[in-house]
2 protein chains.
Amino acid sequence: MNDQPPRERRRATGRVTLQDVARAAGVSPITVSRALRGERAVAPELAERARAAAEQLGYVPDPAARALASQRSSQVLVLVPMLSNALFVDLLEAVHRTLFPEGFQPLIGVTHYDAAEEELLLRTYLPHRPAGLLVTGFDRSEAARQLIARSGVPCVHLMETSGEPGVACVGFSQTDAGAAITRHLLERGRRRIAFCAAQLDPRTLQRAEGYRRALREAGLHDPALEVLSPESSSIALGARLFEDVLRRLPDVDAIFFCNDDIAQGGLLAASRLGVAVPGRIAVAGFNDLAGSDQMVPPLTTVRTPRAEVGREGAAMLLRRMRGEPAGPDCIELGYELVVREST
Amino acid sequence: MNDQPPRERRRATGRVTLQDVARAAGVSPITVSRALRGERAVAPELAERARAAAEQLGYVPDPAARALASQRSSQVLVLVPMLSNALFVDLLEAVHRTLFPEGFQPLIGVTHYDAAEEELLLRTYLPHRPAGLLVTGFDRSEAARQLIARSGVPCVHLMETSGEPGVACVGFSQTDAGAAITRHLLERGRRRIAFCAAQLDPRTLQRAEGYRRALREAGLHDPALEVLSPESSSIALGARLFEDVLRRLPDVDAIFFCNDDIAQGGLLAASRLGVAVPGRIAVAGFNDLAGSDQMVPPLTTVRTPRAEVGREGAAMLLRRMRGEPAGPDCIELGYELVVREST
DNA sequence: CTGAAAGCGCTTACAG
DNA sequence: CTGAAAGCGCTTACAG
């Protein structure tokens, strides 16, 4: 009567393994593995038996074991600068919708517009061997660049475009968009157009470049009209910048804010101070964020294709992760002027 | 002259492994492993040698191998309803700041207030064996509840509190906070106070309950004054709800909006329509989100402790993941009335 | 305090 | 098309 279990050395995880499924299906574990991943040709009958057994036992592959054996996980590292900018929330949403149903899980990292922090995130997450990498723009430390290159992980750059062949990217011309909204203000008869910006990240500076280009073409460029703050973009900062312009540059008749949140703050400041918009001063924003259409007056802005950027960027990455024909290296999407009553 | 390399069966990953470090340090791999993790007592001299060798070779542990061997990854699954509600961005920020420096990486999942989606996220991520789990509130499918319980992964509930012993949670009383802001409106002399809500998630409904309690106590409760929309919260929806109240309930003299974004929309609608706030109608919000202090007039609201919830929730989870004394099951944080000019 | 052995649960690389 | 063997790079569980 010795029914005590044998001295157990095995760690009992209780998990249903490939082995269990193989035994139940009467085939080898490799065959089950192949059948479940749809890899290679497996005899239809065996594949079906494997699937049925897996289903019946409630088999769920172990991602850690899979990652260890294949040297590749199913996570996709997505690096964005800041979640408090609704732009990136829209971007992430589109990325998730594209990747998740295809069996890849986005792993979100927030850099806070900080090169050192981005580097730390890469150092932390790259050892997980993500299947792919989605990063914002091209501006990063040399070390970060090398980490990405040496990792061998397929990488797509979002929100900006680059001419360089071999560099995968999906975005639009921030410069052109900045020039377009500035030209719109010129067409409305504005002559002293200020540019108010926060954060001063590369994309903001590209919009500044577009602003300059448009004003130079009109012979109306004046560096004194650029109000650049390195602070984070926020409604409160926008209000301050607006008041600042009013005080220091009384002849300004229009402001192009580099992002809708500071533009909204500007509009609110105008309302509080009783400054007529667009009568006394026109206000334009950028990105068409939530609420801009509800401002008083509704905000003229540029609708940027962040959802499309997320979708197309993820799709481009998908092709590269799967080794499919990669398609174009760079996709340039459009933008759209949204003219409302603030200009 | 046969210097062609031997037939290679090994997959050359090129990675520096524990073995390499052990060889270099002249100790066994297990000793290196223990030294690097600070586990158990390792002779100081050996530990130092192991650390030096690891440093010198640029050794980075393989998370997949670690997860497979230990049956536990270093990721912490964090489930929030929606990133477009800035509340959750603040929450995630605090969670990241608390967890990341301690060697745990948040893995963000967005449920979109959808029980089925939450369940799918759990089914997808739980097999990764996260070290811990942070979820929003208590409202989920029975299947989700079981998945969590059976996984054995330590779990802390955020944003709400529960009396149940053994259920770890960090939050505050949404009901009390809702009652408090309603009482503030009463104290301001308002008598026909409407409650406008979107989304109708559990926390919103708890605020509604607080609203009712306060009005009943004052003998002023009227179900007709509740305007509940299942749509997602947004500035645009707030504007519509405001106009709706004005039209359908002309005697209303105050509105308590369940979230600041719809309150901001209400304020903007008032401004557009020329309705005096608080003269004709008082407006109060909830959460004190970005921009509320910049509204015209500035919005009276309730400042909720989401950053503290994130920090304390993550800290509570940290203790549980490490098997330290767990501390209290439930931490109830406070909230703060922020009275501005809209009431 | 230290280490040899076993094992975590998969996939790769061959061979047939 | 299928499978036996080896291996991915760690940690656990023992033993000493």
Side-chain angles (χ1 to χ4, degrees), chain A residues 5-23 25-50 54 57-74 103 127-129 131 323, chain B residues 5-23 25-50 54 57-74 103 127-129 131 323:
Chain A
R7 190 79 141 318
E8 273 290 11
R9 284 205 56 143
R10 286 180 337 200
R11 308 165 224 174
T13 64
R15 190 187 266 270
V16 176
T17 71
L18 209 52
Q19 281 258 29
D20 301 326
V21 178
R23 233 180 327 253
V27 295
S28 75
I30 312 92
T31 299
V32 177
S33 170
R34 292 205 268 249
L36 263 33
R37 280 176 300 138
E39 191 230 276
R40 283 221 255 177
V42 172
E45 195 226 346
L46 293 196
E48 188 39 42
R49 246 158 62 201
L57 297 177
Y59 170 67
V60 180
D62 182 323
R66 192 169 255 187
L68 180 58
S70 69
Q71 297 290 318
R72 187 111 309 177
S73 87
S74 58
H128 286 80
R129 298 204 178 272
Chain B
R7 191 78 142 317
E8 272 290 11
R9 283 207 55 146
R10 286 181 336 202
R11 308 166 222 174
T13 64
R15 192 188 264 272
V16 176
T17 72
L18 208 52
Q19 282 256 29
D20 302 326
V21 179
R23 235 183 321 254
V27 295
S28 75
I30 312 90
T31 299
V32 178
S33 170
R34 293 204 269 248
L36 263 33
R37 281 176 300 138
E39 190 229 280
R40 283 221 253 176
V42 173
E45 195 226 345
L46 292 195
E48 188 40 43
R49 245 160 60 204
L57 296 178
Y59 170 69
V60 181
D62 182 325
R66 193 169 254 186
L68 181 58
S70 69
Q71 298 290 318
R72 186 111 310 176
S73 87
S74 57
H128 287 81
R129 298 203 178 272

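Order of the sequence lines fixes the chain letters, A, B, ..., with proteins taken first and strands second; residue numbering starts at 1 for each chain. Keep in mind it's a predicted model, so treat the numbers as computed, not measured.
For dT12(C), the OP1/OP2 oxygens have no side-chain nitrogen or oxygen of R72(A) closer than 4.0 Å. For the OP1/OP2 pair of dC10(C) and a distance below 4.0 Å, the side-chain nitrogens and oxygens of S33(A) include no atom meeting the criterion. In this structure, T31(A) reaches the dG3(D) phosphate: one of its side-chain N or O atoms is under 4.0 Å from OP1 or OP2. Between R34(A) and the phosphate of dT2(D), there is no side-chain N or O to OP1/OP2 separation shorter than 4.0 Å. Proximity of R15(B) to the phosphate of dC8(D): no side-chain N or O atom is located under 4.0 Å from OP1 or OP2.
If you take CG of L36(A) and C1' of dC10(C), they are 12 Å apart, rounded to a whole angstrom. The separation between D20(B) atom CG and dC8(D) atom P is 11 Å, rounded to whole Å. What separates CD of Q19(A) from C1' of dG7(C) is a distance of 12 Å, to the nearest Å.
Comparing V60(A) and I30(B) by the nucleotide of DNA chain C whose heavy atom lies nearest to each, the residue mapping closer to the 5' end is I30(B). Take the nearest nucleotide of DNA chain C for P44(B) and for R129(B): the residue whose nucleotide is more 5' is P44(B).
Taking 4.5 Å as the limit, some side-chain heavy atom of Y59(B) sits within range of a side-chain heavy atom of L36(B).
When all heavy atoms of A47(B) and A35(B) are compared, the pair lying nearest together is CA-CB, 3.8 Å. Closest non-hydrogen pair, D20(A) versus L57(A), comes out as O-CD1, 3.7 Å.
Residue Y59(A) has its side chain nearest to dC10(C) when only dT11(C), dC10(D), dC10(C) are considered. Here the nucleotide nearest the side chain of S28(A), chosen from dA4(D), dT2(C), dC10(C), is dA4(D). When distances run from any side-chain atom of L46(B) to the nucleotides dT2(C), dG9(C), dT11(D), the shortest one goes to dT2(C). Ranking dT11(D), dG3(D), dG9(D) by closeness to the L18(B) side chain, first place goes to dT11(D). For A69(A), counting side-chain heavy atoms from C-beta on, the closest listed nucleotide (dT11(D), dC1(D), dC8(D)) is dC8(D). Listed nucleotides dG9(D), dC8(C), dC1(D) differ in distance to A43(A); the shortest reach to its side chain belongs to dC1(D).
In this structure, dC1(D) and dG16(C) make a Watson-Crick or G-U wobble pair, each of the two defining distances being under 3.5 angstrom.
Checking side-chain atoms of R49(B) against main-chain N and O of A25(B) turns up a donor-acceptor pair under 3.5 Å. Of the possible donor and acceptor atoms, none in the side chain of S33(B) sits under 3.5 Å from a partner among the backbone N and O of P29(B).
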